[in-house]
Amino acid sequence: MTYQLDLHSEMLMEQYRERRAAYEQLAQLADEALRKALDAQHVRVTTMEHRLKAEDSLAGKLELKGAKYHTLDDVTDILGMRVVTFYSADVDKVAAIVNETFEVDWSKSVDKRKLHRLDSFGYNSLHYICRLPKNIVDQPDMPILNTLPFEIQMRTALQHVWSTLDHDTGYKSDVKIPHEYQRQFNRLAGMLELIDEEFSRLRNTLTDYRRQMLALEASGQLDDVDLNADTFRHYLETRPFARLNQRIAAINQAELYPVPLMPFLRALQKLGLETLGDVNRLIEEHSDDAYRLAVAQLGTTDLDILSENIGLQNLCYVYVLKHGGGLTGLIKLLEWLKGPDPDNMKLAKELMNQAQTLPFIKDHY
């Protein structure tokens with residue numbers, strides 16, 4: 001494509017060609033620095049990318065408004081970076097990290113989120129114009145690396161999706177969109193903006209809930225702590241089944257090896273346990289019978305290696321039997337723990353036989 005450029009724009013194009021290698025090195029350095037900074041702060045983003053403006057794209061821009069740019073440095077988006085976050089609050093976190101990592105030109109940066117226009121949702125990005133500080137790169141033979149500006153756009157995933165859709169269906173179109181259709185776009189944009197805000201609000205609510213549950217757990221108010229993945233994982237850090245495991249291991253002087261206990265969460269919930277207080281009572285009320293069941297299981301064997309789920313596993317077996325679950329209840333429990341398996345029936349029958357000599361069986365069967 002041939003562009004109609006004036007002499008000034010032609011000079012800017014020539015300067016762009018001379019600086020192309022520097023821009024490519026700048027892109028690599030800036031990308032690596034920002035990724036490293038985000039990782040160090042444990043900030044998860046859904047997308048991070050960069051692009052160098054192609055020669056034809058820059059030429060088209062200069063053809064339209066070349067007089068606006070006195071020097072090539074005034075074209076601040078020759079190198080553009082984009083960071084897309086899951087939540088709107090994370091945009092501000094990324095912005096703070098960008099500010100710490102690079103030199104931000106505040107006079108040219110803009111927060112488009114403050115536009116507050118219904119039709120601007122997809123373009124409500126935070127735009128920072130940055131330069132590389134010397135703590136990232138300091139090459140005396142290439143000082144331009146510290147002076148070249150580049151743009152970083154920060155937005156949420158929903159904003160990014162909407163801007164892509166809007167660009168594809170209407171933005172820069174040769175055909176003017178009828179008012180009725182534009183109104184529909186604006187309504188949808190408003191709905192997405194509300195969803196974006198609600199997702200952030202919900203995450204904050206859930207974060208507060210987790211903190212509240214962990215605080216109750218730390219204070220020992222276990223009856224007020226819901227049994228869920230977060231609280232159970234934290235509870236397991238206190239090794240609540242260690243004493244029972246040691247008692248069982250002593251039967252054969254066995255060695256215990258660690259295995260994950262989180263898979264038992266679903267089984268505990270299926271058994272009707274709702275709080276960590278319920279789990280604590282499971283241990284307090286049924287440990288002796290879980291130990292007796294282990295004696296029946298191991299007493300005639302020479303097993304000297306046991307997994308650390310032996311205590312919790314036997315507590316679950318005993319709980320089912322004491323609550324009248326019988327063979328059917330054991331099979332269900334095994335399915336919750338292991339999934340459907342033809343061996344579940346066989347194992348359940350063995351457990352029933354091993355439990356026949358235990359005192360609590362006589363009271364329930």
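Position 1 is the first residue of the sequence; numbering continues from there. In what follows, every heavy atom counts, from backbone to side chain, and hydrogens, waters and symmetry copies are set aside.
Counting all heavy atoms, side chain and backbone alike, Pro149 lies closest to Leu26 at O-CD2, 4.5 Å. The minimum heavy-atom distance between Asp31 and Met81, with the atom names listed, is CA-CE, 3.7 Å. Closest approach of Arg131 to Thr147, counting heavy atoms only: NE-O, 2.8 Å. For the residue pair Leu126 and Ala95, the shortest heavy atom distance occurs at CD2-CB, 3.4 Å.
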Exercise. Determine, stepwise, if the pair Glu151 / Gln153 fulfils side chain to side chain donor-acceptor pair (under 3.5 Å).
Key: CA-CA 7 Å; Glu151 181 182 75; Gln153 294 182 7; 3.2 Å; yes
Practice problem: Show the numbers, then the answer: is there a side chain to side chain donor-acceptor pair (under 3.5 Å) between Glu32 and Gln28? | Solution: CA-CA 6 Å; Glu32 290 177 354; Gln28 181 179 354; 3.3 Å; yes
Quiz prompt | Criterion side chain to side chain donor-acceptor pair (under 3.5 Å) on Ser307 and Asn309, from CA distance to verdict | solution = CA-CA 5 Å; Ser307 65; Asn309 65 11; 2.5 Å; yes
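Remark: His286 NE2 to His323 NE2 distance equals 5.5 Å, nearest 0.5 Å. Atom CD1 of Ile129 is separated from atom CG of Asp74 by 11.0 Å, given to the nearest 0.5 angstrom.
Checked for salt-bridge contact, Lys93 and Asp90 meet the test: a charged N lies under 4.0 Å from a carboxylate O.
By the 4.5 Å heavy-atom criterion applied to side chains, Asp73 and Leu148 are counted as neighbours. Within the 4.5 Å cutoff, no side-chain heavy atoms of Lys36 are placed close to those of Asp39.
Aromatic ring orientation, Tyr23 versus Tyr16: tilted (interplanar angle from 30° to 60°).
Every residue meeting the side-chain contact (heavy atoms from CB on, under 4.5 Å) condition with Arg51, not counting sequence neighbours, appears here in chain and number order: Lys53, Asp77.
You'll find the ring centres of Phe102 and Tyr128 outside the 6.0 Å limit. Two rings, from Trp336 and Phe264, have their centers 6.0 Å or more apart.
A donor-acceptor pair is defined here as one N or O able to donate and one able to accept, closer than 3.5 Å; no such pair exists between the side chain of Asn228 and the backbone of Leu265.
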